[in-house]
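Source: prediction; values computed, not measured. Position 1 is the first residue of the sequence, and the numbers go up from there.
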Amino acid sequence: MAKRRSKRRTHQPPSPEELAKIPKSMVLSLGTSLKNHALTQLVKDFRFVMQPHTAISLRERKANKLKDFMVMSGPLGVSDLFVFKQSESSGNVSLRLGKMPKGPCLQFKVNSYALMKDVKRILKRPKSVGRDSAAFREPPLLVMNGFKKVADAENHEKLMITIFQNLFPPIQPQTTKVNTIKRVLLISKKEDGEIELRHYAIDTKLVEESRNIKKLIDSHQTHKKLPIMTKAQDISDLVLDPYSVGGQTSDSEIEDDAVVEVKNEQSNIIRKKAGISANADPSEGVTRKRAIKLTELGPRLSMNLVKIEDAMIGGKTIYHSRITKSKSEIAEMEKRHQKRKQEKAERRKEQMANVEAKKAKKEAKKARKLARKNGETDGGEASDEGEESASENEPEINPSDYENDSDLFSE
């Protein structure tokens with residue numbers, strides 16, 4: 001297979017500083033959730049949503065723990081971790097969204113979900129996109145609907161909005177090209193607090209030209225062959241002929257959902273080559289009106305926020321949607337958390353001391369070997385040499401002498 005050509009002059013790779021600022025993610029399922037094939041497919045579909053800055057070919061094993069992926073998130077520069085899990089007792093599906101490496105962690109209860117293949121079945125004209133499609137070379141445009149303003153929202157909602165907004169790199173209106181935005185991720189919040197995630201592909205169609213001209217322009221996208229131009233004596237024979245390219249589809253096929261003005265870069269290039277200023281007259285082809293249409297790709301997610309913790313594993317609960325505690329209970333929980341934190345720090349300190357002792361013992365042994373090599377001896381080295389001489393005086397054991405010994409193969 002031929003390698004895809006990369007443009008070097010106009011498409012410069014990002015610098016290491018810019019790469020470090022780009023949010024990267026991991027989407028995974030753990031434990032018994034791997035037995036649920038629908039949930040495993042949901043994880044694969046959700047990785048398409050988070051492309052291109054995600055581990056698309058990540059493979060989980062039953063023996064893998066959450067700590068294994070948390071350890072690898074640092075060297076790989078992962079900033080967001082999505083963990084889908086199904087409870088063994090109740091069968092409920094939950095989603096944990098954590099910021100690496102220190103949290104916080106949002107835990108959602110997934111009420112319902114639909115896979116990409118399910119969404120494709122219910123659409124009249126579904127859009128099929130491959131894994132290497134141009135739509136997945138850039139992150140999607142994030143649209144949030146139904147959320148309050150940051151100034152008016154509660155603390156837990158402010159935190160949730162901030163985490164959602166930092167899932168993808170920020171868009172710079174001055175430098176970002178409009179034609180590179182191929183997808184939309186819609187996160188909407190209902191009045192009852194339920195959160196829905198929808199994933200769409202963006203399609204644009206010309207509006208200003210007549211329908212026959214648009215069909216002629218888009219004729220390379222159809223499966224029919226182009227007409228023979230030598231048989232036509234005038235352009236009207238090609239455009240108005242119902243059996244030609246201009247009459248391939250009916251007028252009701254195209255729906256102009258939203259009409260916007262998009263700067264036509266190709267027209268600007270042609271005008272520059274012709275020596276005409278691009279800002280001379282905006283009405284002369286510099287901007288063209290296009291209709292924007294959204295086609296759902298999937299997957300769909302419907303979920304509710306359950307709680308927020310300050311760490312990915314064993315953290316303190318900052319917010320809980322179902323449980324409310326009094327001030328005394330909160331103080332008691334804070335005391336238990338501080339005690340647990342202190343015990344953890346002591347265990348960590350003891351482990352580090354053991355590691356340092358082992359390292360010092362290893363370095364001392366290495367120094368004694370180096371001293372023996374240089375001919376310097378002391379009492380400790382003499383004892384080492386005595387042990388070595390004692391071991392040299394012991395009889396050698398040859399395994400071949402015991403190969404036919406019947407006592408070693410007793411019943």
(message) Classify the ring geometry of His199 against Phe136: parallel below 30°, tilted from 30° to 60°, perpendicular beyond 60°.
(response) tilted

(request) Specify whether Phe164 and Phe147 have parallel, tilted or perpendicular ring planes, treating 30° as the upper limit for parallel and 60° as the lower limit for perpendicular. (result) perpendicular

(message) Using side-chain contact (heavy atoms from CB on, under 4.5 Å), reason through Ile202 and Lys182 one step at a time and then give a plain yes or no.
(response) CA-CA 5 Å; Ile202 302 176; Lys182 302 288 186 179; 5.7 Å; no

Is the number of heavy atoms from other residues, nucleotides or ligands within 6.0 Å of [atom1] ([X]) greater than 12?
X      : atom1 : value
Lys127 : NZ    : no
Lys99  : NZ    : yes
Gln172 : CD    : no

(request) Taking the side chain as every heavy atom from C-beta outward, state whether Met144 and Lys189 have any pair of such atoms under 4.5 Å apart. (result)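 Sidechains of Lys189 and Met144: no contact.
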
(message) With a 4.5 Å cut-off on side-chain heavy atoms, are Lys85 and Leu30 touching?
(response) no

(request) Nearest 0.5 Å please: distance from the CE atom of Met100 over to the CE atom of Met26. (result)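 It is 9.0 Å, given to the nearest 0.5 Å.
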
(message) For Thr54, is there any backbone N or O sitting under 3.5 Å from a side-chain donor or acceptor partner on Arg47?
(response)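 No, Arg47 side chain to Thr54 backbone: no donor-acceptor pair under 3.5 Å.
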
(message) Between Gln107 (side chain only) and Val306 (backbone N and O only), is there a donor and an acceptor less than 3.5 Å apart?
(response) no

(request) Assess whether side-chain contact (heavy atoms from CB on, under 4.5 Å) is satisfied between Phe48 and Leu297, documenting all intermediate values. (result) CA-CA 10 Å; Phe48 278 91; Leu297 298 176; over 6 Å; no

(request) Would you sort out whether Thr295 and Arg125 count as a side-chain contact (heavy atoms from CB on, under 4.5 Å), showing the intermediate values? (result) CA-CA 8 Å; Thr295 306; Arg125 294 184 180 88; over 6 Å; no

(request) Begin from the C-alpha positions of Lys335 and Gln338 and carry the test side-chain contact (heavy atoms from CB on, under 4.5 Å) through to its verdict. (result) CA-CA 5 Å; Lys335 189 183 296 184; Gln338 292 296 333; 5.9 Å; no

(request) Check Glu194, Lys190, Glu196, Lys109 against Ser302 for a side-chain hydrogen bond (donor to acceptor under 3.5 Å, both in side chains) and give me the one that passes. (result)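 Per the side-chain hydrogen bond (donor to acceptor under 3.5 Å, both in side chains) rule, the option paired with Ser302 is Glu194, out of Glu194, Lys190, Glu196, Lys109.
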
